[in-house]
Number of protein chains: 2
Amino acid sequence: MDVRTVCLGILSRGSATGYEIQKAMKEGWPSLFFEASYGSIYPALAKLTDEGLVTCREETEVGRPDRKVYSITPEGDQAFSQSLLKPLTPDRYRSDFLAMIYFSDSLPPALLQKYLDDRIREHQSELQLIDELSEGDQTPGEAFLMEWGRRINQLCIEFIADNRDVLEDGVVVQQAEAAE
Amino acid sequence: MDVRTVCLGILSRGSATGYEIQKAMKEGWPSLFFEASYGSIYPALAKLTDEGLVTCREETEVGRPDRKVYSITPEGDQAFSQSLLKPLTPDRYRSDFLAMIYFSDSLPPALLQKYLDDRIREHQSELQLIDELSEGDQTPGEAFLMEWGRRINQLCIEFIADNRDVLEDGVVVQQAEAAE
DNA sequence: GCTTCCATGTAATAGGTTACATGATTTG
DNA sequence: CAAATCATGTAACCTATTACATGGAAGC
């Protein structure tokens, strides 16, 4: 699922500007599964407009660029529904944090501690974000994502707290050999 | 952390061919935080060799391309250690699955069910992979990643099983309004 | 007075994937 | 007998990021 499709999906929930779409990907529910910068969102919206999948209503503004409110068209709705029928591509996950864990024996212990502390704080921020998003009514998808996000972040915080000594003490774990 | 750096990190654990590095990113511990295709790995190794961060020993093979075994140099070791000192970039996560959840009200119910079933199977496969990787001795980093992977995947399986009815019944969740 | 928010967009660049090219050996 | 495994590499392509360009209004 590329920027194009996610923009279309967000617009299927209601009209928005490019700026608002980016905000949704950064601080809204979509931030839990996607992110993109202006440099990809604006061209995507321009292309979707060319193809007739969205329309654009311009509102003249003073002192800043005209506000362009994009709305999905019936063709856009159909295109989006069809894109959901295509097989899902595998999740793409890339984590400097987990890489750092894997290579943590090449790391100064003080830095390892800092990275772990930082990480806990990041998970706490995300829990707070989810709390803020959770105010008001929710679609089933939002309710599911909310609890999902809570559980995952809680688990991560708890897990780091409970298991950081394995990394910090640098003990090599040996497999119990019951077979001998 | 780009392909270049992860290749270097993997080579810091022992010599390997490009093929083996790709396998590690696909089926080894590194698969938990990184993935890359040959098209990026081979050029990265060539460049690292040019820069003197790795060396390459060629073993003549019959019926297939020469096997090129890469080994990290002292300069490479140092370069890798230093790259771990640079601030970690935020995790990058992109999930068609969670996007599908978010937009699940635009989805035929039968397809939603299939996606959820498939997802549970994927998490089970990953648990199995982790079990296979867990045989033998482990570094602290590996032990941490092992348990991390187990817990996350177990949580996901359990969570989907427990909460899928929220999506499948399509009930709109309303916030309890205690303040009124 | 500084920072953040609003608001759009482009150009250069980075970083990667996909498909292609080749082909023997082992496993089911 | 087909498929997977081993094994390397390139070229075309795609997608997205980063940095730049612009600037007023509102909040702290």
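Below, read A as the first sequence line, B as the second, and so on, with proteins coming before strands; counting in each chain starts at 1.
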Identify, with sequence neighbours excluded, every residue that meets side chain to side chain contact (heavy atoms under 4.5 Å, CB included) alongside [X].
X	result
B/Glu75	B/Leu53, B/Thr73
A/Gln128	A/Glu132
A/Asp162	A/Glu158
A/Leu155	B/Arg151, B/Ile152, B/Leu155

Distance in angstrom units between A/Asp66 CG and C/dT8 C1', rounded = 9 Å

Integer-rounded Å distance: C/dG23 P and B/Tyr19 OH = 18 Å

Got a sec? Which of residues 38-51 of chain A come in under 4.0 Å of DNA chain C, heavy atoms?
-> A/Gly39, A/Tyr42

Within residues 2-12 of chain B, find the residues that approach DNA chain C with a heavy atom at under 4.0 Å, and present them sorted by residue number.
-> B/Asp2, B/Val3

Is there a side-chain contact between B/Ile72 and B/Ser15, using heavy atoms and a 4.5 Å cut-off?
-> no

Are any of the side-chain heavy atoms of A/Leu133 and A/Glu142 separated by less than 4.5 Å?
-> no

By salt bridge (charged side-chain N to carboxylate O under 4.0 Å, His left out), which residues pair with B/Asp77, not counting sequence neighbours?
-> none

Name all residues meeting the salt bridge (charged side-chain N to carboxylate O under 4.0 Å, His left out) criterion together with B/Glu58; count only those two or more places apart in sequence or in a different chain, and write none if there are none.
-> none

In a table with atom names and distances, give each donor-acceptor pair under 3.5 Å that connects a side chain of residues 94-104 of chain B to protein atoms at least two apart or in another chain.
from, atom 1, to, atom 2, distance (Å)
B/Arg94, NH2, A/Glu35, O, 2.9
B/Ser95, OG, A/Asp91, OD1, 3.1
B/Ser95, OG, A/Asp91, OD2, 3.1
B/Ser95, OG, B/Phe97, N, 3.3
B/Ser95, OG, B/Leu98, N, 3.0
B/Asp96, OD1, A/Met1, N, 3.0
B/Asp96, OD2, A/Thr89, N, 3.1
B/Asp96, OD2, A/Thr89, OG1, 3.1
B/Ser104, OG, B/Ile101, O, 2.8

Can you tell me if the side-chain N/O atoms of A/Lys23 get under 4.0 Å from OP1 or OP2 in C/dC5?
-> no

Presence of A/Thr17 side-chain N/O under 4.0 Å of C/dT8 phosphate oxygens OP1/OP2 = yes

Closest-nucleotide 5' rank along DNA chain D - winner of A/Glu35 and B/Gly18 | B/Gly18

Using a cut-off of strictly less than 4.0 Å between a heavy atom of the residue and any atom of DNA chain D, enumerate the qualifying residues of residues 80-97 of chain B by number.
-> B/Arg94

Carboxylate-amine/guanidinium proximity below 4.0 Å for [X] and [Y]:
X	Y	result
B/Arg121	B/Glu126	no
A/Glu20	A/Lys23	no
B/Asp117	B/Lys114	no
A/Arg13	B/Asp105	yes
A/Arg164	A/Asp169	no
B/Arg4	B/Glu51	yes

Degree of bending, the helix from C/dG1-D/dC28 to C/dG28-D/dC1 (end axes from five pairs; round to 10°) | 70°

Extract, from 5' to 3' on DNA chain D, the first and final nucleotides lying under 4.0 angstrom from some heavy atom of chain B.
-> D/dT5 to D/dA16

